[in-house]
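I have placed the structure first, in the form of structure tokens, so that the comments after it can refer back to it.
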Amino acid sequence: MSSSGAYRLAQGGQLDRSRSLSFTFNGRLLSGHAGDTLASALLANGISVVARSFKYHRPRGIFSAGFEEPNALLRVEINGAAVPLVRATMQPLVEGMVVTSENCFPSVDFDLARIFDHAHALLPAGFYNKTFKWPGWHTYESAIRRMAGLGTLPTGEDKTAFFRHNLRCDVLVVGAGIAGLSAALEASRAGARVTLIEQDAELGGRALCERTPIDGRSSQSWIGEVVGELKASSQVTILRRTLVAGYYDHNVLTALDLSDNEHPTGPVQRFWTIRATEVILATGAIEQPLMFAHNDRPGIMLAGAVRAYLHRYGVAAGRRAVVATNNDDAYRTAFDLHDAGVEVAAIVDARERVTAEVEEEAKRRGLKVLRSSMVVDTRGTTTLRAVAVHAISSDGFRLRDNGVWISCDTLAVSSGWNPTVHLYSQAGGRVRYDTSLACIVPDSCRQRVRIVGAANAEFAALSAIASGARAGREAACSPRESQPVPRGASSEYRTATNGIQPIRRAPQTRSARQWVDLLHDVTASDIELAARENYAAVEHLKRYTTNGMAVDQGKTSNLNALSVLSEVTGRDIGALGTTTYRPQFMPVTFGAISGDARGDLYAPPRHMPAHQWHVTHAAQLDDYGGWKRPACYLRAGENRDVAINREVKAVRSALGLFEGSPLGKIEVRGRDAARFLHRIYLNNVTSLQPGKVRYGLMLNENGIVIDDGVFACLSPEHYLVSTTSGNAERIAGWLDEWHQCEWPELDLVLMPVTSQWAVLTLAGASARALLQQFPSDIDFSAAAFPHMSFREGRIGGRRARVQRVSFTGELSYEISVPADEAEELWQELMQRGAQFGITPIGLEAWLILRLEKGFLHVGSDTDGTTNPLDLGFGPMIQKKVGDFVGRRSLMRAHDQATSRRQFVGLEVLTTGSSLVAGAHIITSPAPMKRSEGFVTSAGFSPTLGRFIGLGLLEGGHARIDETVTVFDEGRTVQARIVKPAFFDPSGERMNG
Amino acid sequence: MAKHLVEFDAHSRRAKVRLRTGMSVIQEATRRGLPGPLEAKTTGEMTALWLGPDQWLLLSDHLSAEKLIAMCATEFAGLSHHAVDVSAGLSCATVDGERAPTLLSMGASIDWSAQCIRARFAAVPVVAHRHANTSFDLYYDRSLREYLRQWMCHSLRDPLLTETSCRSSR
Amino acid sequence: MLQIHCPYCGMRDEEEYRFGGESHVTRPTLEASDVAWADYLFNRINPKGIAFERWLHSYGCGRWFNVARDTVTHEILAVYPMGAAKPQLSKVESAQTREPVSRAMRSVGEGLS
Amino acid sequence: MSHYSFLSLLSGALGRHRRWSQAWRTPTPRKAYDVVIVGAGGQGLATAYYLAKKHGIRNVAVIDKGWLGGGNTGRNTQVTRSNYFWPESAAFYEHSLKLYEGLSRELNFNVMLSQRGILTVAHSHHELESLRRWANAIQVNGIDSELMTPGQIKKLVPLMDLEGRFPVHGGFIQRRGGISRHDAVAWGYARAANALGVDIIQQCEVIGFHRQSGRVVGVETPNGTIGAGSVVLSVAGHSTVLAGKLGLRLPINSMALQAMVSEPIKPCLDTVVLSPTVHMYVSQSDRGELVLGGGADVYTSYAQRGGLPAFQHNVTALLELFPAFRQLRLMRQWAGIVDITPDTTPIMGRTPIEGFYINCGWGTGGYKAIPAGGDTMAHTVATGQAHPLIAKFCLERFVSGALIDEGAAAGVAH
């Protein structure tokens, strides 16, 4: 296809006319050129209706040429991957693109839901608050939910790759219009590292859409020269088609980078986080529409957008146009259309007086100018057919004649330009309505930010360039050390949109609706209603009418809403206040924000030193506190339960090998090491002899148990603290915090060594025998190496630290070797241990073994409410001399109460029934069912052949042998409360 | 070429010792030739990286960890300090090439021009030693190797790292 | 995102730090009354305005230090060592100093432009 | 005051909606009131409503420095549930949920209560045990909750990925839980209280309190003192600031809690989903937006804006559970300042200062408690006796140590 549409002009536009791109729109095959946006291509092909509105499903056409677009939000599919709500005005045309309209049925040209438009009188703002109460909201909700929602969830395989990037720079310039370009240029000339970010694919901003010369030269040549110098500078980073959407504290900004979204190898989106010393916002301005009856018809377009399509894309918005305005600026649209050969039926100007030059220009072209007139109503369904023009009173509130209908297919509207202050506001900048400029202007900001160009109401090209240049110089030279002081936006370059007179709304004829928010279908009468019901505060108005809450965030409706509100309340706009703009300035893809950090990239899975061995030996790896650990090792034909039981039996009857490397290890060394640990542990530390190991509890200051483990005395000034695996980092930090912040005078050094040492634990009667097979300088004999002691030496030539401690109740040694030697030692132990029937043990069996012993598992058997008295450590605390973390809290009456939930064991009485952790112990027989505690650990004990459990029970210590009712998911079983020690209570096995 | 940008399991035989002193000893430490903030210092067969005002990482491809620890013991005799072998606990990856800073900046927004940086990179703690303009040694906890490898692979798929010029030249 | 200037490592993102809450809180002895102990455990100034709090550079040098921060603007007004007294803020010059231009980051720039 | 119904809407339409009366007046403050409530959020407005409705105390003012419902009431993620662990909490929040179930008719204002169920998922065997313990506690407390298998979860929430970094091992659901419309709750209470004679005074900041022989007898505002028989402080986020003016120290830390919404899409998520492990919750509003939130920013903040890290973690967590959402776009993010207490349970009732009542410390959960909070505070102020449901939420618990630690018990905080 060579033709790219009936509305494409013979020449003009910055397109590659030699390259045609074909695409489909709602099934129709169309074509455009390289350089087109989806919107310009649709217009070129004479497509008038592109979407349906949110609430009334009215036909809507392309309204703007930029990110403010409220109508043309389409579903775009590029090689199989569909994305909803794409702004046609921002999406470059891509070969083979499949485009469909959303939120309409059966088609965008005929939408059944249009019925809501005819019932609009019943659907004023907040109608749902007044109705749907009977019988209940649920009766109507699902139907209403189906009507709501603009797009539909993307389908098809999504090949988009997302990446996060970071950037630091001295000066960040947002927006590459003429103001931003000159700011970046001057800043880089002054030697600063500059980053220039532009949301458009091309640099130049509005200047790309105008033929107005700059500084006596064509805007193109001016831009070309500046961009040339910027590209040449190694100081300058330029990001195109990158949208700065978030402005956070300390001058941190975020941006969505779509420059490679049509990358040949598949779409790529980047999320940039930019930290800038100084920020210059050159974010431009957004033209605002006029309000009149049926101002939402296809064919009605912002005047500046009409020029944009004309000059940048060589597209005529229509064949016969009317220009409606309250300022001189829009006259350019009339002139440019006329000069391009498009008929201009009339210029309808709300003002009494028009600047001489433009009037002269108009006369020269023979264009009809109707002063003190407004478009008051329009006709047409899928395309605009005519507009009703009336003479109006000078204040704009009354009609002065019966008007005439002027036929046209395009209506270009303008009520002046409004600065894009969203990012400025996000930065904490205050904005205010300026009556003389008739727009919202930046006021002052606490962050290191400057705002220039149209964004600062500097609408004249030369003043925008001048103020941009000055800001660039100042930013580059501003002293870095200085404290950001609230910085006022400079006002000396400000110039109003030429001769604007803020008549924004035509007098209302009959009850015809005047649209304020096109996307959410909010009309002027909705705002009047809100005011009538006293939702007159800006925040209330916004929420009650939902004006400005649609996906365009009110970029073309907020100001008009304010002016209607001021009209009905009689307060001037300045007094109404504005709503604070929040991130995001434009919607940002979730995937980009996350940088595709899914699966293992979401949270690092940590691997143990002998990981490979476990993987190659059928280990079932589960996540335990971030570590990938074997839950059990499956043998042929086994399921988990069978494997776990087998592993438990192996330890009790023979020998088990278990990797416990994640076990936290912290060395404490120094003159005051013991004194320090004595203040940390509930237990007595100072009395521990070298070579000895002791079990200890750590509390927080509120007396709650936070961790347990053993600590060993290597030498009088050298201790080794073991923490639970899940708490390794936390406790290391905890100790450091107490040392640095509370007791810096204590002379000691803390050194976490968790990852240096792998821990392989042997458990079982023949553990000693196996170790004695190894050449070693450690005497493993029972006499020389008793339970709860520590030895350092070599095993099979390897440096090793051995603690004789037991989590299983069996004779057990924890062998620590340098992590890189763990796998070898593991294999050696497996080989030499074969004769003893050694078996690798997973964590689940390990936990059952400790359950059989009734050993505490902090985090399972305790929660954030458990104190050591509940666990029966009262006597030990009484013996302890001196303060320790949390001790004072234990002295409160509430902490000493014997009615607290205390640590006990449970045995199921009901034969054949199980016991699960998470079940509750309830008062029974129940006068009123009440929980007295809960089962914290439970499982089947292969050794004892029945279900056992541990739990926390009110006054439990005094209730041994009592029979209780255990409740789980409505079922109950009887259980007996016992001391928490089911197997080998005297500890012969582990002490032997 | 991006695929050579990152190499894992580098310098696996390198001896690594972590030294920490009491805060009272800091001046002593610097007097004994240990590097100051964000610096690395090579003296003889040992390179010392600054980890914090009271911490250093001592590296050597020739001296054993025991030897390095012994050196500390003599240097700091009588002074509050502790030196431990972390050779097995720390792994090393090299990031080397003109794209190295781009790749590294994807993992953390910090000034990569310093000689020695201890930071949060790709959400995990690393120590980066910049020994030439764009060559870095990254030291990280051995348990995180697989994670970091995956992270690097993902990041290296960005055309920014594979294409020589991907921006202004449209 | 807060940019906090670690006295040892320089300017880093808030994610490298751990917030330690109000600083300059004195820990009572075992003899303290329940009321005094509760005040130490739970009650904080929680100021709207300048807060004196402690932060840990957990991903960096591992040191705790004090920060004077405005809880409304999040501006950081001073950074000072543990154990030091609260600064007279009028006298303190800003902690928000930026790092010098970085060669590494510059070459990122080159990579992009 | 216009009565709201379909018929009134119909006649409104015929009259071009010109006859609707104001939802609330804009009164000039009187010299004094029996009760002055500081803070026109949901809690304060509900307190006023129940004082007037149930206790006949109508000489009441609700004073706010901003707009009614403009604080956390208008910023939260609208979750209503009563699936709490401890009996004290369960009884209180269940009372609240019951009031919510009748609220639209009680207030003649549709608050759009949508009992679509709230699902809490467990990502490990251990976490499933603590959820089981939690779910059982709820059942023992006589409130609905069911454990769910991964299979049932997949049926209920087809878009959730159960095999992510932390596979979903199961979860539990409270079917009566769900969401409602936050603005409607504030406006409904304001309108109803106003109709009963309550003065709602907006844009009037309370800058201090007036005391006589220890007792609080009024509030200071820029336009003078307003006398008060009793004063109720109901200003989430600023509780310590105002209590401080009376020398009262509170165990509260103010932090910024963020929420965010996506662009609106057709229905694709019919339940509220909450994951303690990835610390994220999400629901789809009736307008079609995905509404998500997570943990609060980690430092003290009085700025009603969120930081970047918390917001990025939220979105990343969402995609970890719902990869199907990666091409959706984040439309808007905001934050509210919440009162964080050491035990995640509110502080309600009398204070050591005569005539001064507090209703604060709601943390991230005050919205679901609005009806019960108002009802019980009204009772407490009217009778001078703490309502039985909030007796244990008293300030004294921090001295005695009798905390009610929901987070710890639910295994989230520990």
Side-chain angles (χ1 to χ4, degrees), chain A residues 83 85 121-122 124 127-133 137 141 144-146 148-154 158 248 252 511 529 532-534 537 539-540 543 551 582-584 587-591 593-594 597-600 602-603 863-865 892 894-895 917-920 922 929 931 934 967-969, chain D residues 4 6 9 13 16-17 20 22-24 26 67 70 104-105 109-110 112-114 124 129 132-133 136-137 140 147 164-166 183-184 263-268 286-288 308 312 315-316 319-320 323-334 400-402 405 407-409 411 413-414:
Chain A
V83 179
L85 303 176
L122 286 174
F127 70 95
Y128 35 76
N129 290 132
K130 297 188 167 86
T131 51
F132 305 129
K133 301 186 298 297
W137 174 238
E141 188 186 16
I144 286 177
R145 278 188 73 195
R146 276 196 298 278
L150 266 181
T152 47
L153 197 63
D158 173 14
Y248 300 88
V252 174
S511 68
L529 173 63
R532 192 172 300 125
E533 296 188 276
N534 205 13
E539 270 303 324
H540 290 158
R543 291 155 177 263
V551 299
R582 313 202 173 283
Q584 302 296 316
V588 174
T589 327
F590 278 138
I593 294 165
S594 79
R598 293 201 53 240
D600 284 357
Y602 173 70
D863 61 30
T865 67
R892 295 174 302 204
H894 178 270
D895 292 71
H920 280 246
I922 58 171
K929 201 165 27 162
S931 170
F934 25 78
F967 172 96
D968 175 57
E969 280 284 282
Chain D
Y4 291 165
F6 184 75
L9 190 68
R16 291 182 194 163
H17 302 290
W20 295 108
Q22 290 193 337
W24 48 77
T26 307
W67 305 108
S104 293
R105 268 166 273 162
F109 201 94
N110 186 2
M112 303 188 203
L113 176 66
S114 168
S124 74
E129 286 179 349
R132 174 179 289 271
R133 165 176 149 181
N136 277 324
V140 172
L147 281 170
R165 167 70 176 86
F166 302 105
D183 291 329
E263 294 183 316
I265 52 167
K266 294 295 177 190
C268 63
D286 287 337
R287 212 183 283 143
L308 184 55
Q312 267 183 316
V315 172
T316 311
L319 296 192
E320 176 60 15
F325 293 159
R326 65 205 289 270
Q327 281 288 6
L328 296 185
R329 294 186 213 89
L330 178 76
M331 182 164 76
R332 189 164 60 247
Q333 83 187 98
W334 65 91
S400 70
D405 201 328
H414 188 65

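Residue numbering restarts at 1 for every chain, and letters A, B, ... go by the order of the sequence lines.
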Looking only at atom types and distance, does a side-chain atom of D:Arg329 sit under 3.5 Å from a main-chain N or O of A:Val551, one as donor and one as acceptor? no
Could you tell me whether the side chain of D:Lys266 and the main chain of A:Ala148 form a donor-acceptor pair under 3.5 Å? yes
Taking A:Lys133's backbone N and O only, do any of them form a donor-acceptor pair with D:Asn110's side chain (distance below 3.5 Å, no angle check)? no
Rounded distance [0.5 Å steps], CE in D:Met112 versus CG in A:Asn129: 4.5 Å
Pick one of side chain, backbone, both or neither for D:Asp286, based on which atoms fall under 4.5 Å of a heavy atom in chain A. both
Please look at A:Leu529 and chain D and tell me whether the side chain, the backbone, both or neither of the residue comes under 4.5 angstrom of a heavy atom of that chain. side chain
Relative to chain D, which segment of A:Tyr248 carries a heavy atom at a distance below 4.5 Å: side chain, backbone, both, or neither? side chain
Are the side chain of A:Asn534 and the backbone of D:Trp24 linked by a donor-acceptor contact shorter than 3.5 Å? yes
Check ring-ring contact (aromatic ring centres under 6.0 Å, His included) between D:Trp334 and all other residues, then give those that pass, not counting sequence neighbours. none
Would you check if the side chain of D:Gln312 reaches a backbone N or O of A:Ser594 as a donor-acceptor pair within less than 3.5 Å? no
Has the side chain of A:Arg145 got a donor or acceptor atom that lies under 3.5 Å from a matching backbone atom of D:Pro267? no
Check D:Ala13 against A:Leu122 and note the closest heavy-atom contact, atom names and distance. CB-CD2, 4.0 Å
Minimum heavy-atom distance between A:Leu153 and D:Cys268, given as atom pair plus value: CD2-CB, 4.4 Å
When rounded to the nearest 0.5 angstrom, what distance separates CG in D:Leu113 from CH2 in A:Trp137? 11.0 Å
Relative to chain D, which segment of A:Glu141 carries a heavy atom at a distance below 4.5 Å: side chain, backbone, both, or neither? side chain
Option in A:Ala597, A:Pro154, A:Pro124, A:Ala919 with maximal non-hydrogen atom pairs under 4.5 Å from chain D: A:Pro124
Charged tip of D:Arg165 within 45° of A:Tyr602 ring normal and under 6.0 Å: no
Quick one: closest heavy-atom pair of A:Pro587 and D:Glu263, and the distance? CG-OE2, 3.1 Å
Of the listed A:Leu85, A:Val252, A:Asp600, the one with the largest count of heavy-atom pairs under 4.5 Å with chain D is A:Leu85
Heavy-atom side-chain contact between A:Glu533 and D:Gln22 under 4.5 Å: no
Could you look at D:Leu330 and say if it's the side chain, the backbone, both or neither that has a heavy atom under 4.5 Å from chain A? both
D:Gly70 backbone acceptor or donor facing A:His540 side chain under 3.5 Å: no
Donor-acceptor contact present, side-chain D:Asn136 to main-chain A:Gly918, <3.5 Å: yes
Backbone N/O of D:Trp20 and side chain of A:Arg532: donor-acceptor pair under 3.5 Å: no
Measure the spacing between CZ of A:Arg543 and CG of D:Asp183 and express it to the nearest 0.5 Å. 4.5 Å
From A:Asp158 CG over to D:Gln327 CD, what is the distance, rounded to the nearest 0.5 angstrom? 4.0 Å
Counting only non-hydrogen atoms closer than 4.5 Å, does A:Phe934 touch chain D with its backbone (N, CA, C, O), its side chain (CB onward), both, or neither? side chain
Heavy-atom pair count under 4.5 Å with chain A, highest-scoring of D:Ala184, D:Pro264, D:Pro323: D:Pro264
Inter-residue atom distance A:Thr131.OG1 - D:Phe109.CZ, 0.5 Å rounding: 10.5 Å
What pairs with A:Ser931 under side chain to side chain donor-acceptor pair (under 3.5 Å), at least two apart in sequence or on another chain? A:His920
About how many Å separate CD of D:Gln333 and CZ of A:Arg582, when rounded to the nearest 0.5 Å? 9.5 Å
